[in-house]
Q: 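Below: one structure in structure tokens.
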Amino acid sequence: MTAKIIDGKAFAARVRRDVAAHVATMKERHAMTPGLAVVLVGDDPASRVYVKNKHASTVEVGMNSFEHRLPAETHEGDLLALIARLNTDPAVHGILVQLPLPDHIDSALVINAIDPAKDVDGFHISNVGLLGTGQKSMVPCTPLGCLMMLRDHHGSLSGLNAVVVGRSNIVGKPMAQLLLGDSCTVTIAHSRSKDLPTICRGADILVAAVGRPEMITGDFVKKGATVIDVGINRIDAGAGKTRLVGDCHFDSCAAQAGAITPVPGGVGPMTIACLLANTLTACARSHGLSEPEGLTA
Ligand code: GUN
């Protein structure tokens, strides 16, 4: 069997175009521009790249981008004061505090200081609770992107067996909640699960978010299953070079799967696209407008 490659890059480009069209309409009909504030504390090189990309994508879809770069030694109180200002700023509809934060700052305290309606990461405890109880919430971007690709590929997910490998707050747990919301039978497994290959072979949908390079191999995959690889791991490729691989061993999984996301070019590009979608959703909700179709959970 040759697996269909789910092209996350093309899908994300479609989502961004869709968001841009909604932004243009909002500007025209309601004289309103969605705004995203991104806060970066310190100068972690990877975080700087992410923030730069987020800024460029935000501007590209016609939204306002507000960047706040603070030194690594910023006091927690000063960061909380900035968030309080952004919470009440009517031009800001989404707030994202780039993680990880420096060790002297309590990340949970900071995240929970964000107005839940502006929490475009979906990490605030209120949004976690709303998602867990099947209520309208802001949904974490990476699992939302995975859900969009799965819905696009399968149509209905109802009744399918889904196995999520990974139990992080950012991906594994919200992914499981979203799949439950779409009436899948959901198993959450992780690196310590007993007999992981057997559990995974029961999956019609296998989501790998375990953070271990190429840990999921073809013998974990049921023939014809859909494999969503959330992992992005940089490994040594010899001769002083590195390369990006997922949590799935691509060739052996693709030989079994019906459809699979590649790394790079699968889930990765969907994350920023969904951040923009969430900012648009937050803006629409804050003004009592109808939600953009196909861009929410
Ligand atoms: N750092 C790595 N991924 C993320 C993310 O999805 N959101 C935030 N805020 N920080 C991150």
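Along the sequence shown, the residues carry numbers beginning at 1. First listed ligand is number 1; within each ligand, the first listed atom is number 1.
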Q: Please check: side-chain N/O of His249 versus main-chain N/O of Glu214, any donor-acceptor pairing under 3.5 Å?
A: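 Such a contact is absent between His249 side chain and Glu214 backbone.
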
Q: Could you go through Asn278 and Leu144, starting from their C-alpha distance and side-chain angles, then the distance that decides it, and tell me whether this counts as side chain to side chain contact (heavy atoms under 4.5 Å, CB included)?
A: CA-CA 9 Å; Asn278 276 351; Leu144 177 58; 3.5 Å; yes

Q: Could a heavy atom of Tyr50 be found less than 4.0 Å from some atom of ligand 1?
A: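 Under 4.0 Å: no for Tyr50.
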
Q: If you take all heavy atoms of Phe220 and Met215, which pair is closest and at what distance?
A: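 For Phe220 and Met215, the tightest heavy-atom pair comes out as CZ-O, 3.7 Å.
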
Q: Relative to the heavy atoms of Leu96, which atoms of ligand 1 are at a distance of less than 4.0 Å?
A: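 Selected atoms, number and element: 9 (N).
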
Q: Any nitrogen or oxygen of Thr271, side chain or backbone, less than 3.5 Å from one on ligand 1?
A: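 Thr271 vs ligand 1: no N/O contact under 3.5 Å.
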
Q: How far is atom 7 (N) of ligand 1 from the closest protein heavy atom, and which atom is that?
A: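 Nearest neighbour among protein heavy atoms for atom 7 (N) of ligand 1, to 0.1 Å: Asp121 OD1, 3.1 Å.
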
Q: Which ligand 1 atoms, with their elements, are less than 4.0 angstrom from a heavy-atom of Val97?
A: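 Every atom of ligand 1 under 4.0 Å from some heavy atom of Val97: 8 (C), 9 (N).
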
Q: Can you name the nearest heavy-atom pair linking Asp229 to Cys248, along with the distance?
A: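 For Asp229 and Cys248, the tightest heavy-atom pair comes out as OD2-N, 3.0 Å.
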
Q: Under 4.5 Å between side-chain heavy atoms, counting indirect links through other Ile/Leu/Val/Met/Phe/Trp/Tyr residues: same cluster for Val120 and Val41 or not?
A: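 No; tracing contacts between hydrophobic side chains, which count when under 4.5 Å, never links both residues.
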
Q: Considering all heavy atoms of both residues, which atom of Gly211 and which atom of Asp247 are nearest to each other, and what is their separation?
A: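 Looks like N-OD2, 2.8 Å.
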
Q: For atom 4 (C) of ligand 1, what's the nearest protein heavy-atom neighbour? Residue, atom name and distance, please.
A: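 It is Gln98 NE2, 4.4 Å.
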
Q: Ligand 1 versus Leu99, non-hydrogen atoms closer than 4.0 Å: side chain, backbone, both, neither?
A: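 Within the 4.0 Å criterion, Leu99 contacts ligand 1 through backbone and side-chain atoms alike.
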
